[in-house]
Amino acid sequence: MRINHALRIAAGVAALALAVTACGGGSSKSATQNAANGKLTIGIKFDQPGLGLLNKDGSHSGFDVDVATYVAGKLGVKPENITWKEAPSAQRETLIQNGQVDFIAATYSITDQRKQKVDFAGPYYIAGQSLLVRSDNTDITGPDSLNGNKKLCSVKGSTPAQYVKDHYAKEVQLQEYDTYSLCVEALKSGSVDAVTTDDIILRGYAAQSPGALKLVGQPFTTEKYGIGLKKGDTDSRGKINDAIQAMIDDGSWKAALEKEFGATGLQIPAPPQVDRY
Ligand code: GLU
């Protein structure tokens, strides 16, 4: 009888383990529930200087990392208890839906299409799509010069790539890579004419290659950066919104932007209005 009981429990545990594995090893707990246990897994970019960068010493830096670390702190999680996970543009919704991350802070624009799959706290920054070219380029000066079959690089699953498809499909050749750092390499080597994504991202790359690359024209879209989290998790979203507001109110938001982008000449904008939809 006892053995039978133990066996049944063992079978139950095995079935549970299988179920967890089946959904990608992800957690079914909410961000705040995991935070209450002292740990968080947060999705960021690993290749975007000033925003989300994996450094040679294994540390992570950038404004997204600063925001995520601040939010984690407000949820009671110390920096050393954060697991950082790379969240490439095209994989963000899936990472959240599978529970592989608790939330994502990765230059992630809040859009109605994405809101069908995930929820967003924020916005915590407002960027705009722009263009990066080699410093000696004179024929690309802004979106109006996107013609003549020029080669433009952007990233799969990103809003800037979609914008080019929607507005300049016939005028330019769009090459979609997995990451912006690959686009920047292609730009430097001459295999594309321009990289397009948010101005703040391009600013980070331009600063990394002084004198070689330049941003041109004015931003031509509005990209509201949100913290993406599981759809329907209103408790976590409310707490993350409170944390973003606290970061703005106590000066840490401005200090983080100055630390990451001050040397690039960025005029720190007024903080955005946290949207409690
Ligand atoms: N903010 C845009 C987006 O969420 C572009 C940057 C990115 O791909 O991370 O798609």
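When reading the values below, keep in mind they use all heavy atoms of this one structure, side chains included, and skip hydrogens, waters and symmetry mates. These numbers come from a predicted model, not from an experiment. Every number for a ligand or one of its atoms is a count from 1 in the order of the listing.
Contacts between Pro160 and ligand 1 below 4.0 angstrom, taking non-hydrogen atoms only, involve the side chain exclusively. The proximity of Ser89 to ligand 1, defined as any non-hydrogen pair under 4.0 Å, is limited to the side chain. Contact annotation for Asp198 and ligand 1: only side-chain heavy atoms (C-beta onward) come within less than 4.0 Å of the ligand. Using a 4.0 Å cut-off between heavy atoms, Arg92 contacts ligand 1 through its side chain alone, with no backbone atom that close. Contacts between Thr159 and ligand 1 below 4.0 angstrom, taking non-hydrogen atoms only, involve backbone and side chain alike.
Taking a cut-off of under 4.0 Å to the non-hydrogen atoms of Lys45, the atoms of ligand 1 that pass are 7 (C), 8 (O), 9 (O). Per-residue contacts place Ala106 under 4.0 angstrom from the following atoms of ligand 1 (heavy atoms of the residue considered): 9 (O). Every atom of ligand 1 is numbered from 1 in the order shown, and the set under 4.0 Å from a heavy atom of Tyr225 is 1 (N). Listed by atom number, the atoms of ligand 1 under 4.0 Å from Ser158 heavy atoms are 8 (O), 10 (O). Residue-ligand proximity, Thr197 to ligand 1, at heavy-atom distances under 4.0 Å covers atoms 5 (C), 6 (C). Interface of Ile201 with ligand 1, defined as ligand atoms under 4.0 Å from a residue heavy atom, comprises 6 (C).
Counting heavy atoms only, Tyr180 comes closest to atom 6 (C) of ligand 1 of the residues Tyr163, Tyr180, Tyr108. When the heavy-atom distances from atom 10 (O) of ligand 1 to Glu223, Gln162, Arg114, Gln48 are ranked, the shortest goes to Arg114.
Residue-environment remark: NZ (Lys214) exceeds the threshold of 12 foreign heavy atoms within 6.0 Å.
The shortest heavy-atom distance from Gln129 to ligand 1 is not under 4.0 Å. In this structure, Lys224 has no heavy atom closer than 4.0 Å to ligand 1. Using a 4.0 angstrom heavy-atom cutoff, Val155 does not count as in contact with ligand 1.
A donor-acceptor pair under 3.5 Å links the side-chain atoms of Ser135 to the main chain of Leu213, judged by distance alone.
Between Glu86 and Lys45 there is no salt bridge, since none of the side-chain N atoms of the basic residue sits less than 4.0 Å from a carboxylate O of the acidic one. Note on Asp178 versus Lys156: salt bridge recorded, some NZ/NE/NH1/NH2 to OD/OE distance being below 4.0 Å. By the 4.0 Å N-to-carboxylate-O rule, Asp199 lies too far from Arg203 to be salt-bridged with it.
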### Task
Give the intermediate values and the outcome of side-chain hydrogen bond (donor to acceptor under 3.5 Å, both in side chains) for residues Thr32 and Ser236.
CA-CA 5 Å; Thr32 39; Ser236 300; 3.1 Å; yes
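Leu51 CG to Tyr125 OH: the interatomic distance, rounded to the nearest 0.5 Å, is 8.5 Å.
Residue pairs satisfying the disulfide bond (SG atoms under 2.5 Å apart) criterion with at least one member in residues 186-254, sequence neighbours excluded, are absent.
Using cut-offs of 30° and 60° on the angle between ring planes, the pair Phe220 and Tyr168 is perpendicular.
Using modelled atom types and a 3.5 Å distance limit, the side chains of Asp64 and Tyr108 yield no donor-acceptor pair.
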